[in-house]
There are 2 protein chains.
Amino acid sequence: MVTDQQHKPTESELEILQILWDKGNCTVREVHEILTLEKEAGYTTTLKLMQIMHEKGLVKRDTSAKTHIYTAIVNQQKTQEQLVTKLIDNAFNGSAARLVMQALGNHQSSKDEIEAIKEYLDKLEKQQ
Amino acid sequence: MVTDQQHKPTESELEILQILWDKGNCTVREVHEILTLEKEAGYTTTLKLMQIMHEKGLVKRDTSAKTHIYTAIVNQQKTQEQLVTKLIDNAFNGSAARLVMQALGNHQSSKDEIEAIKEYLDKLEKQQ
DNA sequence: TTGGTTATACGAATATTTTCGTACATTCGT
DNA sequence: ACGAATGTACGAAAATATTCGTATAACCAA
């Protein structure tokens with residue numbers, strides 16, 4: 001068993017990570033406030049989750065003041081990569097292209113975004 | 001609460017669904033054999049999972065013979081869409097484009113696949 | 001200073017998912 | 001015909017993930 005591999009975040013943890021990635025540093029209160037825009041949750045539930053994330057090494061925290069400040073440790077890119085890989089593997093028979101088309105087909109992208117993707121594809125082709 | 005929405009498959013269930021989507025019809029034994037190429041698992045574990053999937057309405061089965069034959073009921077496309085949407089939402093701040101680039105960047109795609117994606121993008125642009 | 005508000009810690013209840021043992025029925029080869 | 005192999009059913013343990021109540025400490029405003 002590989003030991004130094006990143007703990008895979010659960011769904012709830014991912015929700016929190018997103019907020020931390022976005023904001024940088026947050027108190028539990030701030031995270032909780034944002035979370036409860038979308039769904040019902042008790043404050044201590046959020047607190048507990050973040051404490052567990054700390055135990056797992058997903059986040060670090062500054063406890064020098066009464067109100068602790070949390071920051072994501074796990075890298076957003078790396079985590080996204082992990083999740084995408086898993087999904088490709090798990091639901092798209094290993095074909096990234098199929099996932100890409102599925103994603104593009106069902107989600108509105110702006111002209112700019114589409115252009116960006118095309119450029120990216122050109123670059124990939126040249127690399128090959 | 002919405003009642004007629006598809007039950008979201010768990011990870012283990014998804015592994016099994018993939019096999020069923022691929023093969024069409026399968027016995028528990030067949031599914032189990034394929035599963036255990038990748039990971040350790042007891043036969044009755046696989047059996048139980050498939051029985052649960054049946055209860056949940058993810059699969060149907062023909063029980064006319066001793067050895068039951070299972071078939072996926074849930075649609076592959078729809079399930080993929082559901083999962084992709086969730087991931088975009090959950091880890092990519094709602095940006096499909098970002099997921100797409102992540103997927104393309106880290107997973108080898110053939111020239112043909114890249115071409116297919118490009119064509120697809122052209123079509124999307126024209127639609128806009 | 002004192003009471004209300006806002007924190008953290010933490011155990012424990014719930015819920016969900018995964019795993020497996022055991023009982024029992026059917027089938028098949030010899 | 002009968003024992004081994006193979007199948008299903010099902011309860012329940014184990015592993016994970018989620019939720020929350022309660023104790024207690026720190027802070028702040030009057």
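Any value given below was found using the heavy atoms of this structure, including those in side chains, with hydrogens, waters and symmetry copies removed. Reminder, nothing fancy here: chain letters follow the sequence lines and each chain counts from 1.
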*Any side chain to side chain donor-acceptor pair (under 3.5 Å) involving residues 58-68 of chain B? Give me the pairs, sequence neighbours left out, ordered by first then second residue.*
B:R61-B:Y70, B:D62-B:S64
*For the residue pair A:A91 and B:Q76, what are the closest heavy atoms and their distance?*
O-NE2, 4.3 Å
*Please work out which residues in residues 32-54 of chain A have a non-hydrogen atom less than 4.0 Å from an atom of DNA chain C and list them by number.*
A:Y43, A:T44, A:L47, A:K48, A:Q51
*Mind listing the closest non-hydrogen atom pair of B:K118 and A:L121 along with its distance?*
CG-CD1, 3.7 Å
*Considering non-hydrogen atoms only, spot the tightest contact between B:A97 and A:S109 and give its length.*
N-OG, 4.5 Å
*Could you tell me which non-hydrogen atom of A:S95 sits nearest to which non-hydrogen atom of A:I88, and how far apart they are?*
N-CG2, 3.7 Å
*At the 4.0 Å heavy-atom cut-off to chain B, mark where contacts on DNA chain D begin and end, going 5' to 3'.*
D:dT6 to D:dA12
Taking only distance into account, with no hydrogens and no angle test, what donor-acceptor pairs under 3.5 Å do side-chain atoms of residues 40-58 of chain A form with protein atoms, sequence neighbours excluded?
residue	atom	partner	partner atom	Å
A:K56	NZ	A:E13	OE1	3.4
A:K56	NZ	A:E13	OE2	2.8

*Where do B:D89 and A:Q18 come nearest, in terms of heavy atoms and distance?*
O-NE2, 3.1 Å
*Which heavy-atom pair separates B:V59 from B:A72 by the least distance, and what is that distance?*
CG1-CA, 4.1 Å
_Residue met sooner reading DNA chain C from 5', once A:K66 and A:T63 are mapped to nucleotides_ = A:K66
*Hey, any chance A:I19 and A:I69 share a hydrophobic cluster, counting ILVMFWY side chains that come within less than 4.5 Å of each other, even indirectly?*
no
*Please list, in 5' to 3' order, the outermost nucleotides of DNA chain C lying under 4.0 Å from any heavy atom of chain B.*
C:dT17 to C:dT27
Result block: side-chain N/O donor-acceptor pairs under 3.5 angstrom for residues 21-28 of chain A, not counting sequence neighbours:
residue	atom	partner	partner atom	Å
A:W21	NE1	A:V74	O	3.1
A:N25	OD1	A:T71	OG1	2.8
A:T27	OG1	A:R29	N	3.4
A:T27	OG1	A:E30	N	3.0

